[in-house]
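For reference, the structure discussed in these notes is given below.
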Amino acid sequence: MTIPVACQNADSLLLIKAKIELKNGNFSKSRDYAEKVIQTNLTNSDAYIVLGQAYISSIDSCFKYEFDKGMVYCLAVQTFEKAASLTTDSVKKSNALNLAKLYSNYFFDPSVYHHIDWPKEGEEFLIENWINKKTIVHYYKIK
């Protein structure tokens with residue numbers, strides 16, 4: 001499927017806006033712009049990268065608990081993996097997979113907190129706050 005040039009230009013402009021908002025710490029606005037690109041072009045891997053970066057960038061300022069931060073990393077990694085699956089550009093694919101690999105090292109480690117009954121690996125978990133999206137639970141594993 002060929003994307004019309006006007007849509008490509010609009011997508012480029014929206015991605016620039018998303019990156020500016022991300023740089024300014026406006027994570028939900030950055031997400032909104034990236035999601036607008038995805039709505040018009042489901043295969044735009046760049047939009048998924050920006051979306052994952054918005055999730056990662058918000059962790060320290062928006063999430064207090066280590067478990068919640070770990071779940072945001074899960075969502076970001078899933079988003080980077082989605083970006084990799086959508087592109088045939090080897091550099092973009094490699095970049096997305098490297099981001100996924102890097103941030104999977106920050107998954108929550110439940111062995112540190114023995115006294116709490118955490119959700120099971122593979123279950124869905126709703127990340128609240130500005131993200132308000134479900135992710136699949138993954139835990140840190142020594143590699």
Side-chain angles (χ1 to χ4, degrees), residues 1-113 116 118-143:
M1 178 172 127
T2 305
I3 309 279
V5 174
C7 291
Q8 291 174 1
N9 292 339
D11 288 352
S12 296
L13 181 59
L14 287 170
L15 277 174
I16 290 168
K17 288 181 177 183
K19 291 174 184 178
I20 290 169
E21 294 299 344
L22 177 60
K23 186 176 180 180
N24 290 332
N26 298 323
F27 309 118
S28 63
K29 276 191 171 261
S30 178
R31 174 200 53 207
D32 293 346
Y33 285 125
E35 286 182 344
K36 283 182 183 179
V37 173
I38 292 167
Q39 287 172 0
T40 61
N41 180 358
L42 294 173
T43 62
N44 189 310
S45 63
D46 294 329
Y48 285 95
I49 294 292
V50 172
L51 195 54
Q53 290 171 329
Y55 298 149
I56 296 291
S57 297
S58 74
I59 286 177
D60 288 332
S61 62
C62 297
F63 297 92
K64 179 178 177 181
Y65 300 107
E66 293 304 312
F67 177 79
D68 293 331
K69 292 177 181 183
M71 294 304 102
V72 175
Y73 283 115
C74 288
L75 181 59
V77 165
Q78 290 166 14
T79 305
F80 295 139
E81 289 171 344
K82 175 79 172 181
S85 74
L86 294 173
T87 186
T88 56
D89 180 305
S90 61
V91 173
K92 287 183 180 185
K93 184 180 288 286
S94 178
N95 179 46
L97 291 174
N98 285 338
L99 288 168
K101 183 179 179 183
L102 170 68
Y103 289 113
S104 67
N105 290 311
Y106 296 96
F107 288 168
F108 180 72
D109 184 355
S111 68
V112 176
Y113 304 92
I116 298 177
W118 303 109
K120 305 283 185 254
E121 178 102 12
E123 288 182 351
E124 278 192 341
F125 179 80
L126 175 65
I127 300 169
E128 295 179 348
N129 204 310
W130 72 274
I131 294 176
N132 198 33
K133 285 193 184 276
K134 289 182 180 178
T135 189
I136 303 298
V137 175
H138 295 286
Y139 292 116
Y140 176 78
K141 295 173 189 72
I142 297 174
K143 298 170 179 145

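Since this is a predicted model, take the numbers as computed values, not measurements. Along the sequence shown, the residues carry numbers beginning at 1.
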Can you check ring pair (Phe, Tyr, Trp, His ring centres under 6.0 Å) on F125 and F67, steps first, answer last?
CA-CA 11 Å; F125 179 80; F67 177 79; 5.0 Å; yes
For a side-chain contact (heavy atoms from CB on, under 4.5 Å) check, start with the C-alpha distance between L15 and V50, then their side-chain angles and the critical distance, and finish with the verdict.
CA-CA 8 Å; L15 277 174; V50 172; 4.1 Å; yes
Please step through salt bridge (Lys or Arg N to Asp or Glu O under 4.0 Å) for the pair K134 and E123, ending with a clear verdict.
CA-CA 10 Å; K134 289 182 180 178; E123 288 182 351; over 6 Å; no
For M71 and H138, run side-chain contact (heavy atoms from CB on, under 4.5 Å): C-alpha distance rounded to whole Å, both residues' side-chain angles, the deciding distance at 0.1 Å, then the answer.
CA-CA 8 Å; M71 294 304 102; H138 295 286; over 6 Å; no
Would L102 and V77 satisfy side-chain contact (heavy atoms from CB on, under 4.5 Å), going step by step from the backbone distance to the final call?
CA-CA 9 Å; L102 170 68; V77 165; over 6 Å; no
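Between E35 and K29 no salt bridge is recorded (no basic side-chain N to carboxylate O distance below 4.0 Å). Between D60 and K69, at least one side-chain N (NZ, or NE/NH1/NH2) sits under 4.0 Å from a carboxylate O, which counts as a salt bridge.
The shortest side-chain heavy-atom distance between F80 and L97 does not fall under the 4.5 Å cut-off. Side-chain contact check for K133 versus L126: every heavy-atom pair is 4.5 Å or farther apart. Between L99 and N95, the closest side-chain pair of non-hydrogen atoms falls below 4.5 Å. Counting only heavy atoms from C-beta outward, the side chains of R31 and L51 approach each other to under 4.5 Å. Contact check for I131 versus V72: side-chain heavy atoms found under the 4.5 Å cut-off. Between I20 and I16, some side-chain heavy-atom pair lies under the 4.5 Å cut-off. When side chains are defined from C-beta on, F27 does not count as touching E21, because their heavy atoms never get closer than 4.5 Å. Put simply, the side chain of K92 reaches to within 4.5 Å of the side chain of D46, judged on heavy atoms.
Listed here is the closest heavy atom pair of V137 and K120: CB-O, 3.6 Å. Closest of all the heavy-atom pairs between A96 and I49 is CB-CD1, 3.7 Å. Between E124 and I136, the shortest heavy-atom contact is CG-CD1, 3.8 Å. Of all non-hydrogen atoms in A76 and G52, the two that sit nearest each other are CB-O, 3.9 Å. In terms of heavy atoms, V37 sits closest to A47 at CG1-CB, 3.8 Å. Residues W118 and Y113 come closest through the heavy atom pair NE1-O, 3.3 Å.
Of the residues Y55, Y106, F108, the one that meets the side chain to side chain contact (heavy atoms under 4.5 Å, CB included) test with Y73 is Y106.
Side-chain contact check for D89 and T87: no donor-acceptor pair (N or O, by modelled atom type) lies under 3.5 Å.
With hydrogens and angles disregarded, a donor-acceptor distance shorter than 3.5 Å links the side chain of S57 to the backbone of Q53.
If you take CD1 on I38 and OG on S45, they are separated by 10.0 Å, rounding to the nearest 0.5 Å. Interatomic distance, T79 OG1 to I56 CD1, rounded to the nearest 0.5 Å: 9.0 Å. Atom CG of residue N132 and atom CG of residue N129 lie 9.5 Å apart, to the nearest 0.5 angstrom. Here the straight-line distance linking atom OH of Y103 with atom CD of E81 works out to 14.5 Å at 0.5 Å rounding. Rounding to the nearest 0.5 Å places CD of E121 at 8.5 Å from CZ of F107. Remark: W130 CH2 to D32 CG distance equals 8.5 Å, nearest 0.5 Å.
Taking a 6.0 Å sphere around NZ of K93, one finds it holds more than 12 heavy atoms contributed by other residues, nucleotides or ligands.
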